[in-house]
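Nothing here was measured: the structure is a model prediction, and the numbers come from that model. What you see below is based on every heavy atom in this structure, not just the backbone, and it leaves out hydrogens, waters and symmetry mates. Throughout, protein chains are lettered first and strands after them, A, B, ... in sequence-line order, and every chain is numbered starting at 1.
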There are 2 protein chains.
Amino acid sequence: MKTIIDIARAAGVAKSTVSRYLNGGSVSEETREKIEHIIKQHNYVPNTFAQSLKAKKTSIIGTIVPRLDSFAVSQTLMGIDEELRDRQYQLLISSANQDMNREIEEIYALARQKISGLLLMAAQITEQHLKAIRECRIPVVMIGQQHSLLHSVVHDDFHAGYMMGQHILNKGHRRIAYLGVTEQDIAVGVKRKEGFRKALGEHKDCEVRYYESGFRMNEAVAAAERLLEDWVPTIIVCATDNIALGVMKAAFLKQIPIPSGISVTGFGGYDVTEIIHPALTTVKYNYKRAGKLAAENIISLVNREPVEMVTILNCEIIGRESVDNLQGRII
Amino acid sequence: MKTIIDIARAAGVAKSTVSRYLNGGSVSEETREKIEHIIKQHNYVPNTFAQSLKAKKTSIIGTIVPRLDSFAVSQTLMGIDEELRDRQYQLLISSANQDMNREIEEIYALARQKISGLLLMAAQITEQHLKAIRECRIPVVMIGQQHSLLHSVVHDDFHAGYMMGQHILNKGHRRIAYLGVTEQDIAVGVKRKEGFRKALGEHKDCEVRYYESGFRMNEAVAAAERLLEDWVPTIIVCATDNIALGVMKAAFLKQIPIPSGISVTGFGGYDVTEIIHPALTTVKYNYKRAGKLAAENIISLVNREPVEMVTILNCEIIGRESVDNLQGRII
DNA sequence: CTGAAAGCGCTTACAG
DNA sequence: CTGAAAGCGCTTACAG
């Protein structure tokens, strides 16, 4: 391994000059060329540990994700990865494995690694999160959730819910079950539902009941089974595509055909929703783009450039076969 | 931020003594307790950059994955993450984004980060991979593919194929299409097929045709459509669950019911295969366990402990509804 | 524009 | 068992 000293010697200059060249300081045209040439020739790459130790900063962006096995997370990470790579930043991924305490721990752990910025995907922000962020003094961009004290990139969950509400009303549904998730998750548990509720509020003649499920498919199967014992609506609107998949399973198990026996919708736009049969009506989220924007924003923040507090991304409703058209039919 | 100097002063010893304490050198019981106490009190954590710079090694394990949005990759990463965390190693994930040149680049890039071990998930190993590994002098454990020169943790693809062959023969299938992938991927493209072929070779009375598809679901849809124009078998055995999902989609599009019109199987055991309808017959792979074992092995290698060249993991066949039982029926 | 010097926070022989 | 010293490979004021 070559060091800066080797390069300096070979170029006949002091190592401080090489360092200046490396860091964009003032170097004469002549020495610039000389150093450039030598570096290429020797295939020299600066030792990042020495740099970080001395400069007391790194070009690492940490990302805390709730879990690794999620379509939304994977897509978001791909967007982050792409942007950071382009901008010469390094990505450090850390999974909290669905454990909120681990999220907090990871903030401290990443701070110890001297990351210069943090991308945070968390279902909710507690006082402990804020305390950790404050203590570590790291710039943060949240993804998927909004918080008054933090910068964020979010999807337009409220509008997504609203669009879904309008869509199914247009299809003639009036006996409607909404299978949501915990309200501790503001984006998924509250906003989607509120948008949905607003759309339905504009119609007087429909009956809506709200239910709750866990995020995992098997939890959704169980929740749907309970729901269907309680009541048989014409449609079940699910807060996520995963939950919708679980509901479809439950319907099949009960021999209720989709969509003729019951309609189902999701949110997310996972690839698999297009492949299954019947294809699932859903709202497509721009996860990858969210990742990319969050990465751009955190870089700006690291460089002390101004960044809007919240960036809201569009969603798009995709009507497919899992919703029956009841319009004009007598139910 | 406290440094080793602060601790040394507070404890009334030299910093070399503190360092020795930190690294398990010989320290008297008395000073050990004193230092321990001070460290806790000051909440001291050593600066990893300084450590790495001086010691010229890290406790980082790099992992190169082909892509992030894959069930197999996510599960494997979860296994790796868990084990590494338990053993106090740090995980650095790097995605090659389906680009083999990027794989090579990432090997060099990770070497520059001074990772002490590399976990490699790659579809094939070329001379360039070997060159990079040689030049960087990093211990490597491959996951999912075998190579005579490298340590590896693999799934028993041959046996998986064999079990699948037996399974569908038992179900009475005799007109069989195998929808595989490129043979450049030894594990998925060659071994599964060879195992399958062996099982079928034990039966004289069946007709098998081999086809090829890409890995993505939409590529599989197209491949299945071509296949079905060419020939209508009683079953399509697919080299991965994703391909099987694509084939199911194609069958639905052609209004061929599954399994009564055609049977379909996959390999992998993705969660979604259980949720869709009909549920998919597949071979369940232990991705998470593979990750865990690979992590154990790379740690052993880093510590210069002996490790078997290849670890083979069991798979398990899961018969579900997507395969029709033709036994005893007249076709 | 350029170089000598100090120092980032550690570890590691080496003496005692 | 313990401490003083050298040094890992850089960056950054400071003089010139």
Side-chain angles (χ1 to χ4, degrees), chain A residues 1-39 42-60 88 90 109 111-116 137 302-303, chain B residues 1-39 42-60 88 90 109 111-116 137 302-303:
Chain A
M1 277 286 102
K2 303 288 174 189
T3 74
I4 200 172
I5 280 275
D6 300 317
I7 302 306
R9 279 206 194 109
V13 296
K15 62 178 180 169
S16 35
T17 306
V18 177
S19 175
R20 235 178 284 114
Y21 165 84
L22 254 21
N23 296 291
S26 51
V27 181
S28 76
E29 192 47 38
E30 199 189 352
T31 41
R32 177 185 307 284
E33 275 168 18
K34 207 159 46 183
I35 295 174
E36 195 167 353
H37 178 241
I38 301 277
I39 284 183
H42 287 242
N43 219 279
Y44 166 71
V45 189
N47 179 314
T48 46
F49 297 121
Q51 289 181 311
S52 306
L53 174 58
K54 184 68 229 206
K56 290 182 174 296
K57 60 167 193 174
T58 65
S59 51
I60 306 173
Q88 317 265 44
Q90 236 236 295
R112 256 178 260 131
Q113 317 269 341
K114 308 283 187 292
I115 58 168
S116 45
R137 301 161 171 279
V302 166
N303 296 321
Chain B
M1 277 286 102
K2 303 287 174 192
T3 73
I4 200 172
I5 280 274
D6 300 317
I7 303 305
R9 280 206 194 110
V13 297
K15 60 178 182 170
S16 35
T17 306
V18 178
S19 176
R20 232 178 285 115
Y21 164 84
L22 254 20
N23 295 292
S26 51
V27 181
S28 75
E29 191 50 34
E30 198 188 350
T31 42
R32 177 185 306 284
E33 275 168 18
K34 209 160 42 181
I35 294 174
E36 195 167 353
H37 178 241
I38 300 277
I39 284 182
H42 288 240
N43 218 280
Y44 167 70
V45 190
N47 179 315
T48 45
F49 297 120
Q51 288 181 312
S52 305
L53 174 58
K54 185 69 230 208
K56 290 182 175 298
K57 61 168 191 171
T58 66
S59 51
I60 305 173
Q88 318 265 46
Q90 236 237 294
R112 257 178 261 132
Q113 316 269 341
K114 308 281 187 293
I115 57 169
S116 45
R137 304 160 168 280
V302 166
N303 296 322

Donor-acceptor pair, A/Ser116 side chain versus A/Lys57 backbone, under 3.5 Å?
no

Expressed as a whole number of angstroms, how long is the span from B/Leu53:CG to C/dG9:P?
12 Å

In this structure, CD1 of A/Ile4 is separated from CD1 of A/Ile35 (nearest 0.5 Å) by 9.0 Å

To the nearest Å, how far apart are A/Ile4 CD1 and D/dG7 C1'?
16 Å

Write out a two-atom table: protein N or O, nucleotide N or O from nucleotides 1-3 of chain D, distance below 3.5 Å.
unit_1: D/dC1; atom_1: OP2; unit_2: B/Ser26; atom_2: OG; d: 2.6
unit_1: D/dT2; atom_1: OP1; unit_2: B/Ser28; atom_2: OG; d: 3.1
unit_1: D/dT2; atom_1: OP1; unit_2: B/Thr31; atom_2: OG1; d: 3.4
unit_1: D/dT2; atom_1: OP2; unit_2: B/Ser28; atom_2: N; d: 3.0
unit_1: D/dT2; atom_1: OP2; unit_2: B/Thr31; atom_2: OG1; d: 3.0
unit_1: D/dG3; atom_1: OP2; unit_2: B/Ala14; atom_2: N; d: 3.1
unit_1: D/dG3; atom_1: OP2; unit_2: B/Thr17; atom_2: OG1; d: 2.7
unit_1: D/dG3; atom_1: N7; unit_2: B/Ser16; atom_2: OG; d: 3.4
unit_1: D/dG3; atom_1: N7; unit_2: B/Arg20; atom_2: NH2; d: 2.8
unit_1: D/dG3; atom_1: O6; unit_2: B/Arg20; atom_2: NH2; d: 3.2

Check whether the side chain of B/Lys54 and the base of D/dG7 form a donor-acceptor pair under 3.5 Å.
yes

Donor-acceptor pair, side chain of B/Ser52 and main chain of B/Thr58, under 3.5 angstrom
no

Quick one: does any side-chain atom of A/Asn23 pair with a main-chain N or O of A/Gly25 as donor and acceptor, under 3.5 Å?
no

Rounded to whole Å, CZ of A/Arg112 lies from C1' of C/dG9 at a distance of 17 Å

Between C/dG9, C/dT11, D/dT11, which nucleotide gets closest to the side-chain atoms of B/Gln51?
C/dT11

Output yes when at least one side-chain N/O atom of A/Ser19 is less than 4.0 Å from OP1 or OP2 of D/dT11, else no.
yes

What is the distance, rounded to the nearest whole Å, between atom OH of B/Tyr21 and atom P of C/dT11?
13 Å

Is the shortest side-chain heavy-atom distance between A/Phe49 and B/Lys54 below 4.5 Å?
no

Euclidean distance, A/Gln113 CD relative to B/Asn47 CG, rounded to 0.5 Å
10.5 Å

Can you pull out the residues from residues 42-50 of chain A that lie within a 4.0 Å heavy-atom distance of DNA chain C?
none

Base, sugar-phosphate alone, or nothing: which one does A/Lys15 contact when heavy atoms must sit under 4.0 Å apart?
base

Only pairs under 3.5 Å count here: list side-chain donor-acceptor contacts from residues 5-18 of chain A, not counting sequence neighbours, and write none if there are none.
unit_1: A/Asp6; atom_1: OD2; unit_2: A/Thr3; atom_2: N; d: 2.7

According to the salt bridge (charged side-chain N to carboxylate O under 4.0 Å, His left out) rule, which pairs have a member within residues 20-29 of chain A, sequence neighbours left out?
A/Glu29-A/Arg32

In terms of heavy-atom contacts, does NE2 of A/His37 have more than 12 from other residues, nucleotides or ligands at under 6.0 Å?
no

To the nearest angstrom, the NZ-C1' distance between B/Lys114 and D/dC8 comes to 11 Å

Just to be sure I understand: a Watson-Crick pair is purine N1 to pyrimidine N3 plus N6-O4 or O6-N4, both under 3.5 Å. Using that and G-U wobbles, which stems of three or more pairs involve DNA chain C?
C:1-3 with D:14-16, C:5-12 with D:5-12, C:14-16 with D:1-3

A/Thr48: side-chain contact (heavy atoms from CB on, under 4.5 Å) partners, not counting sequence neighbours
A/Gln51

